[in-house]
Every structure is written in C-alpha cells, then in structure tokens.
Amino acid sequence: MPTPETLDLVVTRKEPVAVDVVKLTLARRDGGPLPTWEPGAHLDLHLGDDLAVVRQYSLCSQPADRTCYEVAVLREPEGRGGSAYVVDRLNVGDTVPVSLPRNHFALEPSPRYVFVAGGIGITPMLPMIEAAEAGGAEWTLLYGGRTRSSMAFADDLVARWGTKVTVQPADEHGLLDLAALLDAPSPGTVVYCCGPEPLLHAIEAACWSWPAGSLHIERFAPAPTSDSGVEDTEFEVEFAQSGVTLTVPADRSIMAVADEADIPIVYSCEEGTCGSCEVAVLLGEPDHRDSVLSAQEREASATMMICVSRARSARLVLDV
Amino acid sequence: MANLASTTDHTDLDPYSAQAQADPFPYYDSLRDLGPTVYVPGRDVWLVPGHAEAVQVLRNHTDFVSGDGVTFEVPTTRTERYPLIENDPPLHNVIRRSLQPSFTKTAIEAFRPGVESAATAIVDRAVSLREFDAVQVLAQEMPDQAMTLLTGITPPSAQTLADWSDATSRGEEPAGTEEHAALVMESITWLVSEGLPNMPEHCLGRLIVESGGNDGNIDGEGSHRLMSLASLWLAGIDSTGALLGNAINAFIDHPDQWDLLRRRPDLIPNAAEELLRYGAPFRAFFRRTRAAADIGGVEVPPGARVAVMLAAANRDPRQFPDPHRLDVTRENAKTHLAFGNALHVCLGSPLARMEVTSLLTELTRRVERFERAGEAVRSPSQTVHKFETLPVSVVLAEGA
Ligand code: HEM
Ligand code: FES
C-alpha cells in the first residue's frame with residue numbers, strides 16, 4: 001500500500017466554541033467538493049512546523065455538506081503539542097494536510113440509540129444525531145464534561161433537541177450515572193460512546209450484561225497511550241520461570257525487553273489483537289491496553305498481553 | 001432453541017454433509033443456537049461454532065492441545081508431525097521463537113517492493129485478458145510469487161504448488177485419499193531433490209534448513225528443519241489463494257463495496273480484514289482434549305476431537321452485527337478468526353495481509369467492475385472453503 005492519500009486543505013474559519021475548544025472549518029482551496037464520509041468518521045491532521053505531528057479528530061459537520069469539513073479541537077495542556085498547535089498557532093488561510101476521512105466508529109442502522117459523550121467526545125455525536133433523526137430512530141444523548149463552559153455545543157444541542165439531550169457538567173451533577181442509564185439491556189438499542197478513557201471503562205462496565213455488539217466506543221486515539229495524558233513510566237518485571245528480573249523502560253514494551261533477554265515468549269501482531277503473547281500474571285497490577293481481554297478478564301487480571309500492556313504497579317511477576 | 005430433538009437429527013448436524021459443504025453459512029447459523037458446543041455422534045466430533053467459545057478454546061492450549069493433531073484425521077501414513085502447528089509448548093515455542101523474527105511486520109516489510117511488483121504484473125496480465133479464471137490468473141499467482149520471495153523456493157509451476165498445498169489439507173479430512181498423501185510425499189521429495197539445492201544464497205529456506213532458524217534452536221536431528229520449512233511453505237499457498245478467490249467472488253456479489261473501495265483506497269487494509277472474516281479459507285481447525293474440559297459451561301470428555309469452526313465464528317451475529325453482509329468499513333472486522341487466535345495464530349499473517357492489500361490496491365486502480373463470465377465451481381475440499389474455478393470478466397477503469 002502506498003501511504004494513504006492526503007489532501008491539502010485550507011483553514012477557512014476558526015472559532016472558539018467552549019473554553020479551550022476551537023472549531024476549525026477546512027475546505028479545498030478551489031472550493032471544490034470533498035470526499036464523502038459517514039457519521040463517526042475522523043480525519044488525520046498533519047500538524048506542527050515540520051508536519052511531523054499527526055492527530056486524529058472526529059468530523060462534527062454534516063456529511064451532506066461536501067464544501068467543508070469541520071473538527072473541534074480541545075487544547076490539552078499535557079498533550080504532545082498537536083492540540084496546542086491548532087489552538088495557538090493555526091490561522092485562517094493556513095494549509096493543513098489532511099487524510100481522507102476514515103471510519104472506525106460507523107453508525108449501525110438501529111431503531112434506537114443511546115449516545116453518551118464525555119468532553120470533546122461530543123464531536124462525532126453531532127452528525128450521528130442528525131443521521132439517527134433523519135432515519136426516524138429514537139435517540140437520547142447524555143453529555144458530561146468538567147464544567148458547563150468547557151462543554152462545546154452544549155447550549156446549541158439543548159436548544160435544538162430539547163429533552164432528548166441531557167447535559168451534566170461534573171461540577172454541578174458529579175460523574176455521569178451510567179449504571180442508571182444502562183441498567184438493563186434494551187433489545188434493539190445500540191450505545192455509542194466517545195470520551196476520555198475513564199468514561200470508556202465505566203461504560204464498558206455498565207454494558208457488560210448487554211448483548212455483544214450493542215456497545216460501540218471511540219477512543220480519541222487508537223493507541224490509548226498517546227493522548228490519554230498519562231505518560232508511560234518505567235517498571236520492573238520478574239519472569240518467574242526464567243528467574244530473571246528486568247526493567248522495562250518507558251519507551252519499550254515488556255515483549256521487546258523479554259525477547260531481547262531470550263525469555264521464551266511468543267508473539268505475532270505486536271498490537272494487542274492476536275492473543276499470541278498472553279502470559280499469566282502472578283503478582284502486580286497490569287495496565288491492560290490490548291483488545292483481546294474482556295472487561296471481566298481485565299478486572300480479574302489473571303493474564304495480560306505483553307506486547308502492548310504495561311504496569312500500574314512498580315513491579316509485575318509473570319509466569320514465564 | 002425449542003424442539004431441539006425434532007429439528008436436528010444427526011445428518012443436519014454433520015459438518016461434512018453435502019448441504020453443509022455446498023452452502024455452509026445457513027448450516028453454521030443453525031448450529032449456533034444449539035449451545036456452546038454440539039456433539040455429532042456420527043463423526044465423533046464436538047463442534048464449536050460461536051466466536052466467544054472458539055476464542056476460549058484457542059486460548060486454552062493446556063486443555064485443548066494441538067499435539068494430537070489439528071486436522072480431522074491424523075493419517076497413520078504420516079509419520080512426521082508438523083513441527084510448529086502440531087506441537088504444544090515447550091517445543092512449539094522453541095520453534096516459533098526461532099522463526100518469528102523473520103515474520104514480524106518489520107521483517108515482512110522488506111518483501112513489499114517484490115510483492116507489489118508481483119501484484120502489478122499479475123493485474124497487468126488479468127487486465128490484458130479481460131476474461132479469465134480468477135482462481136488461476138489472480139488467486140494462485142499471488143501466493144506462488146510471494147512465497148518464492150519469502151522462502152527462496154521456486155516451485156515447478158503455480159498450479160503444481162497449488163495442488164500440493166491443497167493435498168496437504170485434503171489428505172487429512174474424512175474424504176481424504178491415498179492420492180492426496182502421495183501428492184504431499186511428492187512435494188517433500190521435490191523440495192529435497194530440487195527445491196533446496198536451487199535456493200539462492202541468502203533466504204529463509206536456507207536459514208531454516210542450514211542454520212536451524214534465527215537462533216539455531218530448531219533441532220538438526222531427523223527431518224525437523226526440513227519439515228519446519230515444508231509446512232510453512234505449503235501453509236502459505238492454498239490458504240491465501242482461497243482467500244483471494246473468495247474475495248473476488250464477494251466483490252461480484254457486493255459491487256457497492258467495490259465502488260466504495262475504489263473511492264476510498266484508505267479502506268483497503270480494513271477491507272482485507274473484512275474479506276478474511278467473510279471469506280475465511282479454513283472452515284475449521286481441530287484440537288484434542290486429554291482430560292475433561294469446559295467449553296462455555298459444557299463438559300467435554302477426555303480424548304474429544306474438537307472442531308474450532310473459524311468460518312462459523314466469523315459469521316457469529318453476537319460478534320459481528322449483520323454478519324452475512326460484506327462491509328469494508330466494519331469496525332471490528334479485525335477480530336475475525338481466519339488466522340486462528342492465541343499461541344498458534346498464523347505465523348504468516350503479515351505476509352498474507354500484504355498480498356491481499358497489494359493485489360487490491362492494484363485492482364481497485366484498474367478494474368471498475370467484476371462480472372461473472374461462466375459458472376463458478378466450488379472446490380470439493382472439506383477443509384478449505386474456496387473455488388476451483390471462478391470465471392470473470394473485468395470492466396476496466398478509465399485510463400487503466
Ligand atoms: C490468508 C492466508 C492464511 C490463512 C487464512 C491462514 C490461517 C492459519 C490458521 C487458522 C492457523 C492456526 C492453526 C491452528 O490454530 O491450529 C495458521 C497457522 C500457521 N500459518 Fe497460516 N494462514 C494463512 C497464510 C499463511 C502464510 C502466508 C504462511 C507462511 C508464510 C502461513 C504459515 C502458518 C504457520 C507456520 C502456522 C503455524 C503457527 C503455529 O502453530 O504456531 N500461513 N494459519
Ligand atoms: S502479539 Fe498479538 S496480542 Fe500481543
């Protein structure tokens with residue numbers, strides 16, 4: 001595969017839509033139509049002076065409008081510079097290389113939707129809501145954030161959709177009560193959630209009794225490491241059967257360190273999907289980042305995928 | 001789930017019935033509601049059709065071993081077991097570790113220029129023919145060339161190699177014959193007498209047979225090294241060929257998905273996953289138990305033959321909503337089990353993925369539409385879901 005095509009788009013508008021959040025409007029320089037997309041799609045923006053920073057943002061405009069793409073960007077103080085660059089430096093008239101829209105969060109047809117958004121995770125919900133409404137589906141939106149003023153589009157949503165939308169800033173209402181919202185599986189209902197990692201964990205837990213496939217979640221970035229705000233740290237791993245203890249530095253995986261030391265591990269995908277590197281955990285608390293283990297298995301932590309998962313505790317003891 | 005007894009007699013359950021053979025998907029659907037595992041007395045096999053249960057069995061390699069065979073039959077004519085796929089830890093891991101540095105995504109990336117130019121040449125030919133058998137012209141050619149690049153073994157012809165690889169799995173299914181066994185023997189004999197001596201100086205083939213793998217740990221005694229090479233060589237042919245044929249057929253049936261892919265080439269990697277889900281080559285791989293074991297709450301006895309039904313798991317609606325629809329944008333397509341899962345997950349998957357994406361990239365650029373040009377014929381293989389012939393004609397894209 002050649003590298004996916006990018007389009008050089010221009011910033012035609014930049015407007016604040018909440019505290020620390022700006023909405024960017026991007027269009028072709030010649031004003032021509034843009035490639036089509038479906039609700040839930042995102043763009044990769046190539047940012048920074050040497051365009052080396054690639055960040056993903058969900059499209060929040062309407063697919064029917066082929067003249068522009070809109071994304072909303074939260075300035076994250078701890079972020080690695082992509083969001084700060086957009087908010088502080090990017091101006092109307094600047095060129096931004098943008099990937100074609102891609103969709104890992106497509107809206108399945110359904111008679112009933114529950115949308116749950118946390119903070120800037122509201123963005124993909126905007127076109128989804130329009131699509132649900134256009135398709136004649138029933139829907140509700142539960143929208144949480146730190147404070148009302150930090151929550152982009154909150155007032156517009158309430159004004160437009162009334163009681164279908166519940167806005168709950170944490171400083172007024174506390175954390176979203178997902179257990180109440182999702183207490184019993186409701187046939188034919190699908191749940192879409194986008195937001196920070198703790199919200200995604202909470203919703204996975206709340207939906208555990210729902211049929212598989214009912215819950216769709218979108219992480220801000222595919223690798224939960226990059227934009228989660230948590231920097232990876234160094235930790236120690238004791239390989240019990242091999243009788244070796246090694247330090248896993250912040251920028252390397254357990255797998256890489258073990259492989260180098262000839263610990264007999266097996267791996268294949270190196271991205272937490274194939275399950276080949278699973279090992280039993282004897283002691284310590286893993287930080288699971290794979291997509292193999294179920295929510296219950298993560299909770300139990302009897303095993304972990306060592307290609308991507310790390311440690312919450314300073315030390316892990318593994319049965320290899 | 002009602003009327004269990006009246007709706008399912010044993011012939012309905014038989015995975016090798018003519019009906020299940022010809023059109024397996026309705027059969028898979030009918031199995032899934034019967035419980036986490038279904039015993040078929042006539043075949044003495046425990047079927048595992050669901051995605052969650054299949055993963056559970058594959059991940060539990062202690063209770064469900066590979067060392068007693070991963071095929072339906074384990075023919076007595078075969079004295080050698082395949083060193084990787086038919087072994088359990090610790091020996092399996094020793095061999096796998098010795099090979100896996102050659103199969104990481106980074107290592108396989110080195111073959112990209114070769115695989116891409118092979119894809120271009122294959123599509124050049126197809127486009128110039130306009131009407132052809134997609135099995136011969138597309139599906140068999142790609143793995144033939146890719147495996148030569150990878151291993152250093154140049155086969156007598158793509159057709160011969162495809163027949164050898166086909167016989168490897170056919171020999172171990174209920175309908176397997178001595179002819180299949182003879183073809184497998186022929187391939188090994190050819191490999192020793194002509195394949196190995198003609199390999200280039202530096203290649204994976206020599207690394208395995210001469211150096212015992214990346215760390216030298218593949219035992220030099222007996223035919224361990226030879227069989228390690230032979231099994232991975234033959235594993236990479238029929239599998240990928242089947243997938244590519246099934247893929248072309250799927251796009252004939254779903255022209256909207258082909259159009260979408262042509263407009264959105266960035267979807268090709270995900271389309272490859274969806275094609276693996278939808279057109280999984282292997283219907284099932286097997287495990288055996290040595291003690292009583294649990295599958296989704298059902299106890300299976302010691303000595304059970306367990307069919308992990310990969311192609312059925314890939315159509316499980318609990319994992320894949322609307323499972324019989326090809327959807328190249330499907331979010332969780334990658335959780336398919338076409339490559340298996342866990343300890344024995346396909347070693348060659350990075351190469352297989354590269355073959356599919358390279359061929360699709362070239363085809364989406366140049367072919368606007370595939371149309372049927374005759375009757376497609378399914379292979380009689382009971383193991384691999386694939387076409388024997390798939391006559392197609394192509395409508396060329398502008399400027400192709
Ligand atoms: C689309 C193409 C392919 C499919 C669908 C496929 C499928 C599979 C499956 C399902 C398994 C697991 C068997 C089990 O669990 O018992 C497997 C294992 C294996 N595959 Fe593939 N395969 C493909 C291509 C290849 C290629 C291209 C190669 C070699 C370059 C290869 C080499 C192997 C090997 C060596 C194993 C054994 C791994 C082990 O036991 O640790 N395969 N394959
Ligand atoms: S190597 Fe695939 S899950 Fe870790």
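Values below: all heavy atoms of this structure, side chains included; hydrogens, waters and symmetry mates excluded.
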Considering all heavy atoms of both residues, which atom of [X] and which atom of [Y] are nearest to each other, and what is their separation?
X        : Y        : value
B:Val345 : A:Ser268 : CG1-CB, 3.6 Å
A:Asp259 : B:Gln100 : OD1-NE2, 4.5 Å
A:Asp262 : B:Arg97  : OD1-NH2, 3.5 Å
A:Val292 : B:Arg59  : CG1-NH1, 3.9 Å

Discussion item. Contact between B:Arg263 and A:Thr36 at the side-chain level, heavy atoms closer than 4.5 Å - yes or no?
Written reply: yes
Fill in: Test item: A:Arg102 and B:Thr329 side chains (from C-beta on) under 4.5 Å apart, heavy atoms
no
Contact part of [X] toward chain A, heavy-atom cut-off under 4.5 Å: side chain, backbone, both or neither?
X        : answer
B:Thr104 : both
B:Arg330 : neither
B:Leu343 : both

Practice prompt. Can you establish whether the number of heavy atoms outside B:Glu109 located under 6.0 Å from its atom CD is more than 12?
Written response: yes
Worksheet item: If you draw a 6.0 Å radius around CD in A:Glu38, do more than 12 non-hydrogen atoms from other residues or ligands fall strictly inside?
Response: no
Discussion item. Report which part of A:Pro35 has an atom under 4.5 Å of a heavy atom belonging to chain B: side chain, backbone, both, or neither.
Written reply: neither
Worksheet item: What part of A:Ser214 lies closer than 4.5 angstrom to a heavy atom of chain B: side chain, backbone, both or neither?
Response: neither
Fill in: Spacing of B:Asp327 atom CG and A:Glu108 atom CD [to the nearest 0.5 Å]
7.0 Å
Response to the item:
Separation between SG (A:Cys269) and NZ (B:Lys334), nearest 0.5 Å, reads 7.0 Å
Discussion item. Looking only at heavy atoms and a cut-off of under 4.5 Å, which of A:Pro264, A:Ser291, A:Pro109 has the most pairs with chain B?
Written reply: A:Pro264
